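Data first, discussion second: the structure below is written as structure tokens.
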Amino acid sequence: MSFHIKISDMHIDILKEVGNIGAGHAATALSTLLNKKIDMKVPNVRVVSFDEMMEMAGGAESVIASVFLRIEGDAPGSMFFVLPLQQAEKFIRLLIDDQTFSFLDSEVNELALSALQEMGNILSGSYLSSLSDFTQLNLMPSVPALSIDMAGAVISSGLLELSQVSDYAIVIDTALNEDEGQADESVKGHFFLLPDPESFNTIFKALGVLVDV
């Protein structure tokens, strides 16, 4: 029996609610910082294999922008906020209010990269806080690290550096845009939550289900 089958629709719904609350907190924080109304939605949440996660990032050779952080506390693990490069450009243009920003420029604006890292920190912290509130687990994020590289290199190195092998990830899809913006203008990215192997049972037990991995 696969891991997917052992996770019921009810528990996916709980994870989606966690995501929606986290998105609401993040949207509030971003709206305050940017002095403009920001809307965030969570169109989907699911549990996927490592290979599926890589495919969702666009494939191992696809260049992405990623904010990585380590989760410490009651359920250690790793978290990535991943944006395809084109979506990252849209995100940065929204953050710094500069519609000309491009990663193709010979000298990428350091302020833009700092803003992207800080926003990744805010978004990740909001989701992690929401998960902590739901599970009553003590979950603490490390200082985030920004990478712009091929998805395979970014995700694999983030795991290998910590000598962690994770077979599954909880994926929270994210769509972000200015409140008056059109749906097709949304910045679309993914949060990949990769609990350490022993942490999966801890998280899902806190949500009311035991999982064997």
Side-chain angles (χ1 to χ4, degrees), residues 2-33 38-50 52-53 56-57 66-83 87 91 118-142 144 155 158-159 164 166-177 179 186-213:
S2 74
F3 179 87
H4 297 71
I5 294 174
K6 295 176 184 177
I7 304 300
S8 71
D9 289 342
M10 179 183 71
H11 298 110
I12 293 296
D13 287 344
I14 292 173
L15 288 173
K16 188 167 184 178
E17 182 63 18
V18 169
N20 279 320
I21 291 174
H25 292 163
T28 299
L30 288 173
S31 297
T32 300
L33 283 176
I38 300 296
D39 181 56
M40 286 187 67
K41 299 189 185 306
V42 176
N44 200 10
V45 175
R46 52 205 179 279
V47 178
V48 302
S49 69
F50 182 83
E52 290 172 311
M53 180 181 70
M56 292 177 64
S66 171
V67 176
F68 168 80
L69 57 86
R70 181 69 182 158
I71 302 166
E72 299 174 351
D74 294 335
S78 304
M79 178 179 276
F80 295 88
F81 175 45
V82 172
L83 290 166
Q87 295 294 313
F91 195 27
E118 181 58 26
M119 292 308 103
N121 187 28
I122 289 172
L123 297 175
S124 300
S126 296
Y127 281 112
L128 205 55
S129 176
S130 177
L131 181 61
S132 181
D133 288 344
F134 257 80
T135 59
Q136 295 300 298
L137 297 173
N138 182 29
L139 304 174
M140 300 169 291
S142 69
I155 295 174
L159 298 176
Q164 297 293 338
S166 184
D167 294 325
Y168 295 97
I170 298 169
V171 181
I172 303 174
D173 293 339
T174 302
L176 176 151
N177 65 306
D179 194 45
S186 295
V187 176
K188 299 178 178 66
H190 305 288
F191 277 94
F192 296 129
L193 173 61
L194 293 89
D196 290 358
E198 67 274 12
S199 296
F200 255 108
N201 261 330
T202 302
I203 291 173
F204 281 100
K205 182 179 180 180
L207 294 173
V209 60
L210 287 173
V211 179
D212 295 322
V213 295

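Keep in mind that the numbers below use all heavy atoms, side chains included, and drop hydrogens, waters and symmetry copies. Model, not experiment: these values are computed from the prediction.
- Residues M56 and D173 form a side-chain contact, since some pair of their non-hydrogen atoms from C-beta on lies under 4.5 Å apart.
- Remark: the backbone N or O of L137 is paired with a side-chain donor or acceptor of S132 at under 3.5 angstrom.
- Atom-to-atom distance recorded for N20:CG and I172:CD1 is 9.5 Å, nearest 0.5 angstrom.
- The only member of F68, F192, F191 that meets ring-ring contact (aromatic ring centres under 6.0 Å, His included) when paired with F81 is F191.
- Annotation: salt bridge (charged side-chain N to carboxylate O under 4.0 Å, His left out) contacts of K16 (sequence neighbours excluded): none.
- Of all the heavy atoms in R46 and N44, the pair that sits closest is NH1-ND2, 2.9 Å.
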Trace of the side chain to side chain contact (heavy atoms under 4.5 Å, CB included) decision for M53 with V82 | CA-CA 11 Å; M53 180 181 70; V82 172; over 6 Å; no
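- Not one N or O on the side chain of S126 forms a donor-acceptor pair closer than 3.5 Å with the backbone of A23.
- Contact detail for A57 and I155: the closest heavy-atom pair is CB-CD1, 4.3 Å.
- In this structure, the separation between NZ on K41 and CG on L176 is 11.0 Å, given to the nearest 0.5 Å.
- Note that the CE atom of M119 and the OG atom of S124 stand 11.5 Å from one another [nearest 0.5 Å].
- Of all non-hydrogen atoms in A75 and T202, the two that sit nearest each other are CB-CG2, 4.2 Å.
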For Y127 and L193, run side chain to side chain contact (heavy atoms under 4.5 Å, CB included): C-alpha distance rounded to whole Å, both residues' side-chain angles, the deciding distance at 0.1 Å, then the answer.
-> CA-CA 10 Å; Y127 281 112; L193 173 61; over 6 Å; no
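- In this structure, CD1 on I21 lies 11.0 Å from CG on L131, to the nearest 0.5 angstrom.
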Could you give me the CA-CA distance, side-chain angles and deciding distance for E52 and V171, then say whether side chain to side chain contact (heavy atoms under 4.5 Å, CB included) is met?
-> CA-CA 10 Å; E52 290 172 311; V171 181; over 6 Å; no
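- Between T135 and I203, the closest heavy-atom pair is CG2-O, 4.2 Å.
- Closest of all the heavy-atom pairs between A27 and I38 is CB-O, 3.5 Å.
- Expressed to the nearest 0.5 Å, how far CE of M79 lies from CG of L123 amounts to 10.0 Å.
- Side-chain N or O atoms of S130 include one that pairs as donor or acceptor with a backbone N or O of V18 at under 3.5 Å.
- Nearest heavy-atom pair across G189 and L83 is CA-CD2, 3.6 Å.
- Although no hydrogens or angles enter the test, the distance criterion places a donor-acceptor pair under 3.5 Å between the side chain of D74 and the main chain of N138.
- In this structure a side-chain-to-backbone donor-acceptor pair under 3.5 Å is present from Q87 to K188.
- Interatomic distance, CD of E118 versus CG of N121, reported as 5.0 Å (0.5 Å rounding).
- In terms of modelled atom types and a separation under 3.5 Å, the side chain of S186 and the main chain of N177 share no donor-acceptor contact.
- Under a 3.5 Å cut-off, the side chain of R70 and the backbone N or O of G77 do form a donor-acceptor pair.
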